[in-house]
Structure formats: structure tokens, C-alpha cells
Amino acid sequence: MTNTTMGSLQQVQKLDERIAELEEAMRDFESRLAEIEEPALALESELGSLEKRLEEMRADTRRLDRNADDKRARIEKLEERLNKVQNLREEAAVRTELDLVRKAVDADEQEALQLMGETQRAEMEAEELREKAEAARAEVEPAQEALLAERRELEEELEALEARRQKLLDEVGDQERRVYDSFHNSGRSVVVAPLLDDGACGHCFGVVPLQVQNEIRHSSTVIRCEACGVILSADLAAENEEEEAEDESGEE
Ligand SMILES: [Zn+2]
């Protein structure tokens, strides 16, 4: 392999690292989109339960009102009967029942009063919750829009990287491209690495035998590190450092 080829493959390798990062980030988006909605959903569910409880309280209030009306009608009848009693025994019986019904009406009124207080507190609580839920719901859409915009940016970057990757691979030979692809497709993130000045593999840092070092330095065949399997090149390190220095100055 020529030095340029190795340099190109190393660039492809860098692009593949970034592509893998981007693909990982892309996979996170669905759960991030769902997460944004969670606070609103929680408040809406809480509000739903409270509104159901309020409905029950209002039904209880209506039931108490009906009972009190019935009892008051009963009191009226008993008072009429009191005017028509024939003897003391009959009068005592009517008075006893009147007493009982009046006490029951008092108890109903106490219960209704208590329920009214509880209902008012629950209504205030529901009002607060409704405001919070609406505020949380209003935040969902812009936040999801922002996230979708972020995803579109990643998609664009990915497309650009794929295009650069393809261009680089088009420029290297068929054989080199096949070697790179077969390594890459088998899940290796590092396919090419420099042979370091001290004779170590630039990926696993295992020492490469002298004989092999010489072959790497002087022949154009594909030579792999015996320990970790990467393709070794003698001139990558130097090329790489220069390139990174250029990158840094270019960015500033
Ligand atoms: Zn190695």
C-alpha cells in the first residue's frame, strides 16, 4: 500500500469514528423526544385524578342536599301532625321523631359544610395544577422542535461525512477498499495504524519483529500487526501529526 492510500484509509477511519458517534446520538433521539413530554404527561395525569375526585365530591354534595330536602319535608309533616295530636302519648311520639329527624338534618348540614370546604380546596388545587400542566404542555412543542432541528443538523453532518468517506474510498484502489470494508464491517473501529519509530504497533503497542518492520517500511503489500490485526504503515504517524496541526490552526 502506498502512503497516500494509508493516509486516505486513516482519514476514512476517523470519519467512521465520527459517523459511529453520530449514529449513536441519532438512536437517542426517540427517547429524548419522549422524555420532553414526561413532565406535562405527569401533571395532566395528576390533574385527571383530581378532577375525578372533584366529580365524586360534587355527587356526594348533591346526594346530601337531596337527603336534607327529604328530611325537611318530613319535619314539616311532623309539625303538622303535632297540631292534630289527640293525646299526650301521641304528642310525645311525634316530638321524639321530630327530634331525631332534626338531629339528622344537623348532621347532614355539618357533613355538607365539611364537604364544601374540601371541594373548595380541591378546586383551588386543580386550578393550580391546570396552570402548571398547561405551562408544561406549552413547553413541549418548542423543545421537541429544537430537538428535531438538532436531529436534522446531525443528519446533514452524517450525509456530508458519508459523502467524504465515499470520495476517499473511491480514490484508493479496489483491493485496499475491500480490505478496509471487510475490517470495518466486522466491527473494528481501528483498521489502520502507524508503525511507531520504536517499532511498536500504533494501536496495541506490541513490538513488531524487525523483519516485519523492514517489510512495512520498504514494501507495498498489506501487512498486519500480528497481535491486534490492524494494517500497519510506516509513514502514517508523521502524516497524521501534520494533518492534525493543520486542522487545529484552521479551526482557530
Ligand atoms: Zn497491534
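Count residues from 1 along the sequence. All ligand and atom numbering here is 1-based and tracks the order in the structure.
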Assess whether side-chain hydrogen bond (donor to acceptor under 3.5 Å, both in side chains) is satisfied between D170 and Q166, documenting all intermediate values. CA-CA 6 Å; D170 284 346; Q166 196 51 52; 3.1 Å; yes
Is the cationic atom of R32 (NZ for Lys, CZ for Arg) positioned less than 6.0 Å from the six-membered ring centroid of F29 and within 45 degrees of its normal? yes
Residue list, side chain to side chain donor-acceptor pair (under 3.5 Å) with R224, at least two apart or on another chain: none
With respect to R102, which candidate in E79, E109, E97 satisfies the salt bridge (charged side-chain N to carboxylate O under 4.0 Å, His left out) definition? E79
Using a cut-off of 2.8 Å, how many protein N, O or S atoms lie below it in distance from the Zn ion (ligand 1)? 4
Flag if over 12 foreign heavy atoms under 6.0 Å of CZ, R53: no
Is R151 salt-bridged to E30, going by a charged N under 4.0 Å from an acidic O? yes
